[in-house]
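First comes the structure, then the notes that go with it.
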Amino acid sequence: MNEQQKRAREGVITAVLAYTMWGFMPVYLILVKTVPATEMLLHRIIWSVPFGALIIAMRGQWGEVGRALRSRKMIGWLALAAFFIALNWLVYIFAVQRQQIFQASLGYYINPLLYVLVGVLFFSEVLRRAQLFAVVLASAGVLVLTFSGGEFPWISLVLAASFTVYGVIRRQVEIGGMPGLFIETLLLLPVAMIGFGWLVNESASVFMDSDWPFRWLVILSGPITVLPLLCFALAARRLHLTTIGFLQYIGPSLQFMIGWLNGEVLSSARLVCFLLIWTAVIVFCADSLRRRS
């Protein structure tokens with residue numbers, strides 16, 4: 001096995017690990033569902049910082065962090081990115097706690113198609129016929145769920161839109177995935193600490209009212225947030241974007257299965273919606289594969 005094949009193999013392994021961890025995220029959030037979504041968001045931010053710092057130290061990336069912190073422009077972009085990733089996390093936690101995992105997974109199926117649309121509207125990219133067909137199918141799925149199922153998929157759309165905007169913003173900043181996330185959580189940390197302090201002062205913190213085994217489970221939100229991104233950052237340097245594009249559907253597929261096992265109802269409207277989205281994904285991936293061959 002040559003060096004290139006070894007790197008590709010390592011890339012596939014780390015990408016599968018990243019998307020599998022993201023796919024099983026609902027299981028963790030179900031275990032800590034007694035913690036309200038807003039408080040869980042605060043913990044996710046707070047405990048990501050020390051664990052992120054540990055990873056930065058292990059990878060020798062303090063220099064990259066320091067350069068970013070000295071750039072006002074970069075800090076501005078990362079602060080904006082931090083807002084959208086925090087919004088994404090909050091809505092995702094809310095979705096799992098309200099047994100809306102189907103909607104959450106739908107959002108991450110839509111996300112790559114939304115990237116294509118944003119590329120056309122804001123970056124003058126040309127939409128190929130197959131991509132246009134995929135976007136139309138996805139839009140039809142959302143419309144079916146809204147009008148036939150009487151269920152506007154706001155969770156799906158907010159998750160897809162917030163993560164797309166986050167990705168577009170991060171494209172403007174030349175910084176690695178792990179240093180970028182560390183600075184984003186660092187920027188959010190003061191607000192999170194103030195929020196958590198207010199909850200403690202008001203005796204409204206589930207974390208403080210719990211025993212230590214449960215507290216440790218909540219503290220795990222730090223590594224559970226950071227580790228998938230670390231694996232993704234490693235994979236992104238070793239794989240073609242097309243390969244990553246295929247593998248990314250592991251996450252929402254696992255989320256869909258967890259939602260089904262968790263007892264969520266797969267109504268006719270939801271089923272039709274997902275069938276249209278899955279068809280759009282197949283068309284999208286087939287077009288990407290054809291363009292690469």
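Just so you know, residue 1 is the first one in the sequence shown, and it goes up from there.
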Side-chain heavy atoms of [X] within contact of [Y], under 4.5 Å:
{"X": "Leu157", "Y": "Phe152", "answer": "yes"}
{"X": "Val226", "Y": "Met178", "answer": "yes"}
{"X": "Gln97", "Y": "Ile93", "answer": "yes"}
{"X": "Cys273", "Y": "Leu106", "answer": "yes"}
{"X": "Met21", "Y": "Leu227", "answer": "yes"}

Group every Ile, Leu, Val, Met, Phe, Trp and Tyr by side-chain heavy-atom contacts under 4.5 Å, then state whether [X] and [Y] land in the same group.
{"X": "Val96", "Y": "Val27", "answer": "yes"}
{"X": "Val191", "Y": "Leu42", "answer": "no"}
{"X": "Leu188", "Y": "Ile194", "answer": "no"}
{"X": "Leu275", "Y": "Val281", "answer": "yes"}
{"X": "Ile282", "Y": "Ile110", "answer": "no"}

Next item on the list: Assess whether side chain to side chain contact (heavy atoms under 4.5 Å, CB included) is satisfied between Ile46 and Met193, documenting all intermediate values.
Entry: CA-CA 7 Å; Ile46 291 168; Met193 293 300 293; 3.8 Å; yes

Next item on the list: Test Leu90 against Phe94 for side chain to side chain contact (heavy atoms under 4.5 Å, CB included), laying out the working first.
Entry: CA-CA 6 Å; Leu90 178 62; Phe94 175 86; 5.6 Å; no

Reported [atom1]-to-[atom2] distance for the pair [X] and [Y], which is rounded to 0.5 angstrom:
{"X": "Tyr92", "Y": "Trp89", "atom1": "OH", "atom2": "CH2", "result": "13.5 Å"}
{"X": "Thr164", "Y": "Leu114", "atom1": "OG1", "atom2": "CG", "result": "4.0 Å"}
{"X": "Asp209", "Y": "Arg215", "atom1": "CG", "atom2": "CZ", "result": "8.5 Å"}
{"X": "Arg128", "Y": "Leu132", "atom1": "CZ", "atom2": "CG", "result": "11.5 Å"}
{"X": "Cys231", "Y": "Leu17", "atom1": "SG", "atom2": "CG", "result": "5.0 Å"}
{"X": "Asn201", "Y": "Met208", "atom1": "CG", "atom2": "CE", "result": "11.5 Å"}

Check: Does a side-chain N-to-carboxylate-O contact under 4.0 Å join Glu184 and Arg170?
Finding: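 Salt bridge between Glu184 and Arg170, a charged N being under 4.0 Å from a carboxylate O: yes.
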
Just by distance, do the side chain of [X] and the backbone of [Y] share a donor-acceptor pair under 3.5 Å?
{"X": "Arg270", "Y": "Leu145", "result": "no"}
{"X": "Tyr28", "Y": "Val218", "result": "yes"}
{"X": "Asp211", "Y": "Phe214", "result": "yes"}
{"X": "Ser156", "Y": "Gln103", "result": "yes"}
{"X": "Asn88", "Y": "Leu159", "result": "yes"}
{"X": "Glu64", "Y": "Gly176", "result": "yes"}

Decide if the gap between the ring center of [X] and the ring center of [Y] is smaller than 6.0 angstrom.
{"X": "Tyr19", "Y": "Trp22", "answer": "yes"}
{"X": "Trp62", "Y": "Phe182", "answer": "yes"}
{"X": "Phe256", "Y": "Trp278", "answer": "yes"}

Ignoring hydrogens and angles, write down the donor-acceptor pairs under 3.5 Å from the side chains of residues 258-265, residues two or more places apart or on other chains.
| from | atom 1 | to | atom 2 | distance (Å) |
| --- | --- | --- | --- | --- |
| Glu264 | OE1 | Ile101 | N | 3.3 |
| Glu264 | OE1 | Phe102 | N | 3.2 |
| Glu264 | OE2 | Gln100 | N | 3.4 |
| Glu264 | OE2 | Ile101 | N | 2.5 |

Next item on the list: Kindly indicate, with the supporting measurements, whether the criterion side chain to side chain contact (heavy atoms under 4.5 Å, CB included) is fulfilled by Met74 and Leu69.
Entry: CA-CA 8 Å; Met74 194 171 289; Leu69 290 173; over 6 Å; no

Margin query: Applying salt bridge (Lys or Arg N to Asp or Glu O under 4.0 Å) as the test, list every pair that has at least one member in residues 12-33; sequence neighbours left out.
Written below: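 Found none.
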
Next item on the list: Kindly check if the number of other-residue, nucleotide or ligand heavy atoms within 6.0 Å of CD (Gln172) is above 12?
Entry: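 Enclosed.
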
Item checked: Phe133, CZ: over 12 other non-hydrogen atoms inside 6.0 angstrom ->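 Atom CZ in Phe133 is not packed in, count stays at 12 or less.
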
Notebook entry, point to check: What class does the angle between the rings of Phe207 and Trp212 fall in, given that below 30° is parallel, 30 to 60° is tilted and above 60° is perpendicular?
Noted result: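 It falls in the perpendicular class, over 60°.
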
How close do [X] and [Y] get, counting heavy atoms only, and between which atoms?
{"X": "Ser205", "Y": "Glu39", "value": "OG-OE2, 2.9 Å"}
{"X": "Phe232", "Y": "Ala18", "value": "N-CB, 3.8 Å"}
{"X": "Leu276", "Y": "Leu137", "value": "CB-O, 3.7 Å"}
{"X": "Ile155", "Y": "Ala104", "value": "CG2-N, 4.3 Å"}
{"X": "Ala68", "Y": "Ile175", "value": "CB-CD1, 3.6 Å"}
{"X": "Ala160", "Y": "Gly107", "value": "CB-O, 3.3 Å"}

Note to self: Among Ile183, Leu186, Ile85, which residue satisfies the side-chain contact (heavy atoms from CB on, under 4.5 Å) criterion with Leu78?
What the structure shows: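 Filter result, single survivor: Ile183.
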
Next item on the list: Could you pull out all residues at least two apart from Ala138 that satisfy side chain to side chain contact (heavy atoms under 4.5 Å, CB included)?
Entry: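 Once residues adjacent in sequence are excluded, the partners of Ala138 under the side chain to side chain contact (heavy atoms under 4.5 Å, CB included) criterion are Leu113, Ile277, Ala280.
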
Notebook entry, point to check: Would you say the side chains of Thr225 and Arg44 form a donor-acceptor pair under 3.5 Å?
Noted result: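 Side chains of Thr225 and Arg44: pair found under 3.5 Å.
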
Check: Does any donor atom in the side chain of Ser253 or Tyr109 lie under 3.5 Å from an acceptor atom in the other side chain?
Finding: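 Yes.
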
Next item on the list: Could you walk me through whether His43 and Phe196 pass the side chain to side chain contact (heavy atoms under 4.5 Å, CB included) test, one step at a time?
Entry: CA-CA 8 Å; His43 287 293; Phe196 182 61; 3.5 Å; yes

